[in-house]
Structure formats: structure tokens, C-alpha cells
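Below is one structure, written out as C-alpha cells; comments come after it.
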Amino acid sequence: MPAEDLPKNYQPGEIEGRWYRHWKEAGYFHADAAAPYAPFSMIFPPPNITGILHMGHALTCTIQDVLVRWRRMQGYNTLWLPGTDHAGIATQMVVERELRESEGKSRHDLGREKFLERVWAWKEKHGSRIATQLELLGASMDWQRACFTMDAERSHAVREAFVRLHEEGLVYRAERLINWCTRCRTALSDLEVEAEPSMGELFHFAYTLDGGGEIVVATTRPETMLGDTAVAVHPDDERYKALIGRTIAHPFVERALRIIGDPVLVDPTFGTGAVKVTPAHDWNDFEAGKRNGLPMVNILNLDGTLNAETGAFAGIDRREARKRVVEELTARGLARGTTPHAIPVPRCQRCRAIVEPMISLQWFVSAEPLAKPAILAVEQGQTTFVPEGWTGTYFQWMRNIKDWCVSRQLWWGHRIPAWYCDAGHVTVARTDPPSCSTCGDARLRQDDDVLDTWFSSALWPLSTLGWPGATPALRSFYPTSVMETGYDILFFWVARMMMMGIHFMERVPFRTVLLHSMIVDEHGEKMSKVKGNVIDPADVIEKHGADALRFALVWLSTPAAQGRPVKLSMRRIEESRHFCTKIWNAARLALMNLEGHDADTFAIALQDGPEGASLSLADRWILSRLHRTAAEVGGALEAFKLNEAAQILHRFFWHELCDWYLEMVKGPLRGEGAPHDQSDRRTLIAAQGTLATVLDVALRLLHPFMPFVTEEIWRTLPRPDGVPQSLMITLYPTADERFLDDEAERTVALLQTVISELREIRALYNVPGQTRLEATLVTTDTRTRAAIEAHGAIVRDLARLDRLSVAAEPPPRDGSTAVGVFGEIELFVRPVDIAGERLRLQKKLDRAMADLASCQRKLDDEAFRARAPDEVLKEWEERARSLGEEVKRLRDATEGGAE
RNA sequence: GGGCGGAUAGCUCAGCGGUAGAGCACCUGCCUUACACGCAGGGCGUCGCAGGUUCGAUCCCUGCUCCGCCCACCA
């Protein structure tokens, strides 16, 4: 008996590892670039090698796995390519900390080469943790193609891209204002700096003019005055106009400041209308400095202390310097008071240290020429965003893009392929050059810096598919179909992949960008170790299984809302676990009743549609519902509404298949009223066949969402010859219109209404489950009578009746008859202890009359009658008629009742 | 300062021109031979506020209030 194949209890832990190994070994995850099917490809956003699986990974992985498994089952040549990211700063910091803690050494103690050996060793040891954890989730990734951002091929791609961009003038080296993190000791891109709102003060002080007089300026960063090279006023400002061109002797250093007129920098209505200008340490001032040819004086050392340019202040930390400058200015009688002022403090995204704008010689990627085609591509719809609201965000950023500082003063990363000779010539080359390309000098020094980690990430869809080689994979799978990722890296990553992909391939890197929200706890709070509200995916998987976690994540995640997070709680996960159990138990019930079922014969019978088998009403109904569900699920998946697909499946499986279909057929299947003749036999065969078919199709529909439990069950089901060995490579079901059956759905809806009404009466009067009732259904509608007569057995079973009769006229009532009225149907149920019956009916009558009245009011409205479309009017008239009938019957029941 | 979301049952969210839906929670019965991780039944809402369009608005338009997110150098 096959039921023995499914243990009584659903134990995910036992099942999941087994199936994952099986699928992987069978090669189901591997994509063949030469396969002759339409491609569906996705590249998994590479997690940092320092990463440990968190809910964000679990969400992105689950969404992508659902898409991939669905497309694979549809027959696409499906590639899902995994990989990991070297994560420059993050990894370097982790290894440095380890080095410090275990040996008390810094990376400088080891030197570059030795330190990098350590990092590689660390990577070998820990770098694949995350991959193992993704396997626990069921990720059907093509592990054979796994990449690492710093492996040989990817490094080759990075170098090729850099050199090519340099040749094209899109990569350049220049002295520019950049964001400098004094703790990480590296330059950062604009994106790696976060503005933190804070309350500071605006300090006012006076500069004494050469030849007498003063000009008052204000600043939130007094120490920067040590780098001032001018004071700017608005050229039209009557107060200061005359001062333009005069000079100021800096009070602390040997430097003369000019008073300049600059209509861009200065807003004459703000503050005193005079602005101190520090071109080397302020973004606006830098621009003003360029406009006005001002000297740019860098006053900071790389560690954030003041340098020799600051005279007596040299060597002091910038924070201390701020106080000292205020003190000194005050001492000299130049302070002019402070006012509270809100200031955004720029902080390093990684270490939270305050970032200093600083002039520095760095490498940049020229952004605008790359951004333009990337904007155009989206405008033309070559790539679309889901939800589409993100399109605007993308445009906004792309249209205001600034050059990208890509050099980092780190050791761990792709070293910049630029070499310098003593004469200062720069050689940028694909292979390490023997001598300077300008002067032939053989004494070359490679640039010490490495590239921003996001530079290699930007190339990811290209480099993972083999670019710059013209590989079969690149030919088959580029552009990729979907890029699914969190909206938080839209600019960091998605936008840059667009730019690079289009630039190097002349085609967008992906057709659809699918963005998911951030995961928070059930109260909407960000999950953090400090708050202790973290839900660890690994724990959840161990406790409830990957299927439960996956289903919960997909169920909850609406791709639609910008700024609306996914609220995850253990409760939701448990709920989803219950669903797994429900499926398990439904399968057990089915298996217990499939003895003698011949999958082949039934499959053949259904080949030409439902007519081929002697299907009962219940069978026709569930098949109709099944095919409708398949259609709805397909539509939802096509629209990337995964949560909707999950909901539809949940509702179908639980509330239609289990609550109604299984209840309708389990009696007959069990052999109550064993087959007497050929026709009964055929009915039994049809019922078993339908049950097995519905379960089979439902499991396939569910498989992308919960791959393990569905596979486990599916393998125990009897199935026709010639189907694949694994559920994950069967065909994803599509709706077959021949099975859609409006008539069966209408009839079952009627039976459901009658059964619910009977159950309501039973519940209302506390009739014990064992008590069998008898009921008479009264209606003048012949079709209803016929339907109930034909399918009375179902009503009797599900409403626990002894006898159900149908009549045109109400039967005599006694003191133990309850009456149910809905529409034009009356139900007389007995024996029931009907104390309070009149009250109950009266309440129903009141409600029906109120409904009827408001309905009538609407119909009496001349404007409505005149303007509303015919069909709407008809609907309302029909409603009024039906309500009228109900009221009439309820009134009879109320008055005619005993008691 | 600019841009984008959201406001619907106690909670999480669907619906988006024809008198409001789901799941959970709650209440009441049930250990009915698949499942108590279950079954059956029940109550629950001035659909953020104010105007407008319409025969009719939760749904469309305008304004407002409150929440959330992103971008931005005003000293």
C-alpha cells in the first residue's frame, strides 16, 4: 500500500538534504549553453565572502529560485548563475581584525604580499559558507559555473574593461575633491557616504581686511578656515560690492585671501551674505575655486590630523582643531557668536567615521557618456523595472550622475593596471608592461591602489558569462532575463551594470529589474543583533524546514511598495509550516485511497478532455477549479506577483481541494456503498484518477515555492509511465480550457450554500456532531430541485443528515423544526431544540428588509434609472426581486413557526 | 529643497466606479478513522480628513493631515 511511503508526520529535516543532493547530482541545476531551447537566465547577486546567510539573502534567493524553477519546468533553457564577491573593504577589515587579535599585528607589519596571502587563505576557509547555506534553502543554482569576483577570468575581465575605458577616455586620473574616510584611509565614492542629520552650530567670525574693516562669515566647520583662500560675496550685493578685489591676511597662516564676487556660491539672503571659501575641503567651494582660479590648500593628513599648511595647528586632530580654532578666534576678538544649526554629517557607510572632502589624485570613471545610453535603453523599454515606480528613481539618479571615483587605497581588490615611470608617465596596459609606453623606461611601479569593489560587480553579468571572450554562454544567456535584487543597491549595482553592459555589449544586461523590499521584524523594526530581533534563516530551516521559510517569504513579499518593508515574524513562518503539513496530510489521505488506481489508463482517458472518463460532479468541479487556478497562478507569475501566486495556491489547496473536494469524495472513495455494478466501478476509477491528477498538478504548481515537500510527496504518487523521474523537471501545468466547467462550478456553489446553511443551523442550536438530522429543501425553482435531488448524497455527507428531501411546498412543522431561508430556498431542519428560533429569524428578516429597502431606494431613484447602464439596472432589479422573495419566506417562517 | 510610496476589520494586507474581501487574532461548538500544525460556525469596518466629478466614489480629480523611503553641497 503506497500510503506506507509517507510517514504519519511531516519531518522536513529528513527530506530536504536528501532531495537537494539528489537534484544536484542528477545535474538538474546545470545549464547547457548549447541546448536548443529558449533561454531564461538570471545571475545571482553575489554575496560577500564575509557574508553569513541572513533573511535578505533568503528572500532574494527564494524569489529567484521560484522564478527559475518555474521557467525550468516550463521548458526554458534555464541558467541561474551563482558567485561571490571579494568585498574589498569588508574583507580586508575582517582579516585585519583577525590579524590584530591573534598576532597583534597590522597589515603593514606583514606587508602587502604576505597580507594578501592571508586574505586568500581566509577566503579559502570561509568564503563558501554562504553557498552552503543557499543550498539549504533549495537554491537550484548552476554551481558548476560559480564565479568569484577575483578569480582569474573575472580579473581578466576587470582589467580588459578598465584598459578599454581608459583607451576611450572614459577612465582618467585626476586631482579632484573626493570623499576621504580617515579611518578606512581610503577614498570613497559618493554612494558610500551617508549623510547623518545632526544638530551643530553655526560659528560666526570676522576676517580683518587689509587696510581696515572686517567681513563676517559663518561656518559649521571652523577648522576649515585654515584652508580658506577667499571670501565670496554676491557681486550684486550692495553691502559688499565695493569690497570685491580687496585682500585679507589670514590670521593664523601666511596666506592672503581674496574677496571675490560669485553669484553661484553666494545667496545674499543667507547669513551675513559673505562666505568663506575652502576649495580643498568643500564641494561648493571646490567648484567656486575652479571658477575663480583660487589656490586649493589641503590642510589634512590622511589620518585626519592637520598638516603643515596649518602652521601652529599641524598635527592636531580635526575635531580638536575645531575647538582650538574657535578658542583662538575668540581670544583675538574675532568671534561673532554662534547659532544652533542643523547639519548633515557625512559618514562612511562602512565604519561610520566622519568623512572629509579632500583634494586627492584618484582614478575616475567618466559617468555621463555611460549613463546616457543607459537612460535611453530604459526609455525605450529595453529594460523595465518591476515595480515600475523605480523607473523614476533610476532616471533621477542617472540624469544627475557624477564621475565615479574608482580607486581605493586598499590592498584587497583588483589592482589598478597603471604603471608609472620616474618621469611621471602613465602606462595603462592589459598585461604587465616591461617598460614605460612613453619613454621606454624599464623601471616601472604599478599603482598601489585597487578598484572599487563595485567596479567588478558592474561587470558581473558580462564577466560571469565569459566576457571578453565570445563564449557560448555569453551568446546564449546575455542579456539575462531578470535581475532580482534589493532596491538598496539600485545605484550601486543595477545602474552600473546597465552602463557597463550596454557599453561593452551594446545590449542591456537584463530585460527586467525586479526589486524586492527590505525585511524587518513584525513591528516594522530593522532586524539587528543589538535589538535581538533577528530571525536567522538557518535556525528557521532547521526548525520548520526550508519550504516553510520559502513559502512565508514569498507569501509576504509584495514587490509593489516602495518604502514598505516585508514584515516577517515567526508566526507567519509557523503558519506556512502548517500549510506544508496540510499538504502532507492531504497526500496521505489520497494515498490511502488510491489502491487499484491505474495512472496510465486514467491519463489516456483524460487525453481528450473530461468526457473520456465518467467524472462525477465533484470531479468535474475540482478539475475546473484546478485549471482556473493554474491559469491564475501562471498570470501572477508572469506579472512577477509571486505573493499573489502563493495566495492563490494556498487558497485552492486548502479551501477548495481539502475543505470541499476531499470531503466530498472521501466517503465514496473509502468504499461506502461499495461498487455494485460497472457504472459504480467507473465512478470509483474516475474519482481515484481525478484525485491523483489534481494532486499531481497541484504539486507541480506548488513546486517552485516549496520544492522539497512537493518532490517527496510526488515521488510516492502513482504516475503514468514516461514522466520524468523528478518533479522539478516535469512540465509546469497550464490551464486546459476543456476542463473549465461553469455548470459544475455553479452547481457546487449551490451545494456549498445549502451545506453551509445546514451547518449554521447545526452550530446555532448546538446540535452535537453525532446527532443526525433530517432536512427538507423547499423551492419552486426546478433546476435547483433537480440539482439537489441529483447530488443529495454530497449534502447529506457534508452536513451530516440522515435524510434530505426536496419539495415544492413547505412540510408541516412541529416544535423542533428550524427554518433556514436564503434567496428563494427554504430549509426545514429537524429535530432541533429551537429555543430562540423566532429571535434568530427575526434578526435575519430585519437585515433582509433593510437590504431590500436600500435596494428599492436606489431603484426608485429616477436619475439612477435614467443614467445607469441596462445591465447594472437589471442586476439591481434581480437583487431586489430575490431579496423580496427572501423577505417573504422569512416573514412566513417567523409568523408560521411554532413556539 | 526635490522625488517616490502608504493610510481599508484588533494585526498584516488584497480590492480600485455599482451597497466592502482574505489570512491571522478573537468568540462558540467539535479529539467526525488525512490533519487539533485540525474541522465547523460567528462577530467585526463613518475604506485618513475636506471639497469636487458622476445616476452612483473605498476606487477618479483637487487640497489637507499623518506615517515611511530615496536623492540633495547652502555657508
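Residue numbering restarts at 1 for every chain, and letters A, B, ... go by the order of the sequence lines. In this text, all values refer to a predicted model and were calculated from it rather than measured experimentally.
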Just checking [X]: base, sugar-phosphate only, or nothing, at a heavy-atom cut-off of under 4.0 Å?
X       : answer
R762(A) : nothing
F491(A) : sugar-phosphate
A586(A) : base
C658(A) : base
P869(A) : base
D659(A) : sugar-phosphate
R865(A) : nothing
W876(A) : base
H650(A) : nothing
L764(A) : nothing
S756(A) : sugar-phosphate
E862(A) : nothing

Between [options], which nucleotide has the shortest distance from any of its atoms to the side chain of [X]?
X       : options                : answer
Q396(A) : U19(B), G23(B), G2(B)  : G2(B)
K582(A) : C74(B), A34(B), C70(B) : A34(B)
H578(A) : G38(B), C35(B), A75(B) : G38(B)
D267(A) : C35(B), A75(B), G18(B) : A75(B)
Y487(A) : C69(B), C35(B), G56(B) : C69(B)

* Within 45° of the six-membered ring axis of W660(A) and under 6.0 Å from that ring's centre, is NZ or CZ of R759(A) located there? -> yes
* Without hydrogens or angle criteria, can the side chains of E192(A) and S189(A) be said to hold a donor-acceptor pair below 3.5 Å? ->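 Distance-only check passes for E192(A) and S189(A).
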* To do: Indicate whether the side chain of S569(A) and that of K567(A) have a donor and an acceptor atom separated by less than 3.5 Å.
  =>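 Per modelled atom types, S569(A) and K567(A) side chains form no pair under 3.5 Å.
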Interatomic distance where [atom1] belongs to [X] and [atom2] belongs to [N] [whole Å]:
X       : N      : atom1 : atom2 : result
M398(A) : G2(B)  : CE    : C1'   : 19 Å
H523(A) : U12(B) : NE2   : P     : 10 Å
K666(A) : C35(B) : NZ    : C1'   : 9 Å
E522(A) : G23(B) : CD    : P     : 20 Å

* Determine yes or no for a side-chain-to-main-chain donor-acceptor pair under 3.5 angstrom, with H281(A) supplying the side chain and M358(A) the backbone. =>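 Such a contact is absent between H281(A) side chain and M358(A) backbone.
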* To do: Indicate yes or no for a side-chain donor-acceptor contact from D237(A) to the backbone of R239(A) under 3.5 Å, with no hydrogens or angles considered.
  => yes
* Any chance you could encode RNA chain B as dot-bracket? Rule is Watson-Crick or G-U wobble with both distances under 3.5 Å; [ ] for pairs crossing earlier ones, | for another strand. => (((((((..((((....[..)))).(((((.......))))).....(((((..]....))))))))))))....
* Asked: Say you draw a straight line from CG of N643(A) to CG of L556(A); how long is it, rounded to the nearest 0.5 Å?
  -> 9.0 Å
Under 4.0 Å between a side-chain N/O of [X] and OP1 or OP2 of [N], yes or no?
X       : N      : answer
W654(A) : A22(B) : no
K567(A) : U12(B) : yes
K8(A)   : C35(B) : yes

* **Worked verdict on R625(A) versus V694(A) for side-chain contact (heavy atoms from CB on, under 4.5 Å)** => CA-CA 10 Å; R625(A) 295 302 309 149; V694(A) 170; over 6 Å; no
* Flag the pair Y10(A) / W584(A) as yes when their ring centroid distance falls below 6.0 Å, and as no otherwise. =>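 That pair passes the under 6.0 Å test.
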